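See structure below.
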Amino acid sequence: MKNYTIVRIGNEYVVQANEKSVLKIASRRRAARLVTDAAELLDSQLAPPTAPEAEVEPSIARDPSEVP
């Protein structure tokens, strides 16, 4: 998450991502920690481990969903 800011409004802090408010919290440290955790989760979801796909041999069997 590269485009975020933490803005103080009154006694609370608002986390904004791409200029859109997404979280309101009382502690700046807690807001920063949540942003860090969210960024780590997003990074882990964007690059899941990929297993090599097995080659699928062509089949002459009919597809039951296509043939009555």
Side-chain angles (χ1 to χ4, degrees):
M1 197 173 342
K2 295 180 181 180
N3 297 327
Y4 78 92
T5 56
I6 300 174
V7 180
R8 184 175 183 176
I9 300 176
N11 292 334
E12 297 177 320
Y13 293 90
V14 176
V15 177
Q16 296 177 334
N18 295 327
E19 300 179 14
K20 183 176 183 181
S21 298
V22 293
L23 176 70
K24 187 186 292 187
I25 195 160
S27 166
R28 179 164 174 55
R29 286 185 184 181
R30 184 74 176 139
R33 182 66 190 157
L34 289 172
V35 167
T36 302
D37 291 345
E40 289 174 2
L41 286 172
L42 288 171
D43 288 342
S44 69
Q45 287 181 347
L46 292 178
T50 57
E53 294 183 22
E55 295 269 335
V56 178
E57 293 186 27
S59 172
I60 59 170
R62 63 183 173 158
D63 185 358
S65 64
E66 296 292 323
V67 178

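All of these numbers come straight from a predicted model, not from anything done at the bench.
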Practice prompt. Indicate, with yes or no, if Y13 and V35 share a hydrophobic cluster defined by side-chain heavy-atom contacts under 4.5 Å among Ile, Leu, Val, Met, Phe, Trp and Tyr.
Written response: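 Same hydrophobic cluster.
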Worksheet item: According to a 4.5 Å side-chain heavy-atom criterion applied to Ile, Leu, Val, Met, Phe, Trp and Tyr, with indirect links allowed, do L34 and V15 form part of one hydrophobic cluster?
Response: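 Shared cluster, yes.
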Practice prompt. Answer yes or no: is there a donor N or O on one side and an acceptor on the other, between the side chain of R8 and the main chain of G10, under 3.5 Å?
Written response: yes
Item to complete: Identify the residue among V22, T5, L23, I6 that makes a side-chain contact (heavy atoms from CB on, under 4.5 Å) with Q16.
Response: T5
